[in-house]
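Please read all numbers here as calculations on a predicted model, not as lab measurements.
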2 protein chains.
Amino acid sequence: MHFDDKIPIYYQIKNHIYHEIITGTLQPGEKLPSVRQLAVDVTANVNTVQRALSEMIAAGIIESKRGRGNFVTMETTKITALKTQLVTTQLAHVYQQLHALNLSDEEILVSVQQYIEQRGQNK
Amino acid sequence: MHFDDKIPIYYQIKNHIYHEIITGTLQPGEKLPSVRQLAVDVTANVNTVQRALSEMIAAGIIESKRGRGNFVTMETTKITALKTQLVTTQLAHVYQQLHALNLSDEEILVSVQQYIEQRGQNK
DNA sequence: TATAGTGTAATAGTAAAATATAACACTAGG
DNA sequence: CCTAGTGTTATATTTTACTATTACACTATA
């Protein structure tokens, strides 16, 4: 797995798994790979994976069953809530950043639109 | 200055000064505060500030004159190029993230629009 | 020419993340 | 009951960013 060296690995692992849950790669109730297997998958240490998992367990997205494995929550409301939370975080961040670069609300919207259009052409 | 503990301080300082240059708080050719003063301003160490400055110097945005101070480049083309580069980076990042959350191009655009609208109301 | 202000760099120490490794606790299945 | 597979935890070590401190190099000016 590719890591951004400006962000803690455990944090990136957490985000990675969250994405898999939200996109349905990991279904509600599904068992995750074992922590040892996950460590191999993402090329990180077991303790680092465990730290990521611990936060997801604390957030109620993952349920841990000792001796059996880690499972995605069956409460789909939690998952949709997670998605909106992540989306909002992203929007707030980019808005704040572009605003700090002196772009008006209108300019922000247009720049997003243009980025998407231009991106469609280069494909 | 407020720091995000998930991102290196020197990196945040660099971004902070870039923003000041782009918004015109720091004009082309203008002298920056001394490294020691900057360290006080942003509540960080001189070496950390210096690391941020070094990268900006390497990027050609800041010119360093030993014994005199650090100065914003007079080449305004470099500054406008920097702005577009920073904006594009932000757009690419948020697009990639939202796309990874399974949002279509259309949904991304709408969500940005809604975020801005809703934000206007809460003010 | 002396001095204050500037950038630059080196050293040593601290803190946090990540690693390697091992051990412990529990579960399921043969 | 034993064993393999699971989560959990602990220890020691390494790495990196950051800090504190000091020293050096250069510039302007009183």
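Sorted by first then second residue, the side-chain hydrogen bond (donor to acceptor under 3.5 Å, both in side chains) pairs that include residues 81-92 of chain B, not counting sequence neighbours, number zero. Here ring pair (Phe, Tyr, Trp, His ring centres under 6.0 Å) pairs that include residues 75-98 of chain B, with residues two or more places apart or in two chains, are A:Tyr115-B:Tyr95, B:Tyr95-B:His99. Among residues at least two apart or in separate chains, side-chain hydrogen bond (donor to acceptor under 3.5 Å, both in side chains) pairs with a member in residues 60-69 of chain A are A:Ser64-A:Asn70.
In this structure B:Ser54 satisfies the side chain to side chain donor-acceptor pair (under 3.5 Å) test with no other residue, sequence neighbours excluded. For B:Ala59, the side chain to side chain contact (heavy atoms under 4.5 Å, CB included) partners at least two apart in sequence or on another chain are B:Tyr18, B:Ile61. Applying the side chain to side chain contact (heavy atoms under 4.5 Å, CB included) criterion to A:Thr77, with sequence neighbours excluded, gives A:Glu75. Applying the side chain to side chain contact (heavy atoms under 4.5 Å, CB included) test to B:Asn47 and every residue at least two apart in sequence or in another chain returns B:Asn45.
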In B/S/- notation (B base, S sugar-phosphate only, - none; protein heavy atoms under 4.0 Å), nucleotides 3-13 of chain D written 5' to 3' is --BBBBBB---
Could you pull out all donor-acceptor pairs under 3.5 Å where a side-chain atom in residues 8-17 of chain A meets a protein atom, sequence neighbours excluded?
from, atom 1, to, atom 2, distance (Å)
A:Gln12, OE1, A:Asp4, N, 2.8
A:Gln12, NE2, A:Asp4, O, 2.7
A:Gln12, NE2, A:Ile7, O, 2.6
A:Lys14, NZ, A:Glu55, OE1, 2.8

Name each donor-acceptor pair under 3.5 Å that joins a side chain in residues 29-38 of chain A to protein atoms two or more places apart or in another chain, with its distance.
from, atom 1, to, atom 2, distance (Å)
A:Glu30, OE1, A:Gln27, N, 2.7
A:Ser34, OG, A:Gln37, N, 3.1
A:Gln37, NE2, A:Asp41, OD1, 2.9

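A:Leu53 CG to A:Ile57 CD1: the interatomic distance, rounded to the nearest 0.5 Å, is 5.5 Å.
B:Thr48 has a side-chain polar atom (N or O) that falls below the 4.0 Å cut-off from OP1 or OP2 of D:dT19.
Protein chain B contacts DNA chain C from C:dG5 to C:dA10, reading 5' to 3' and using non-hydrogen atoms of the protein with a distance under 4.0 Å.
DNA chain C lies under 4.0 Å from no heavy atom of any residue of residues 1-11 of chain B.
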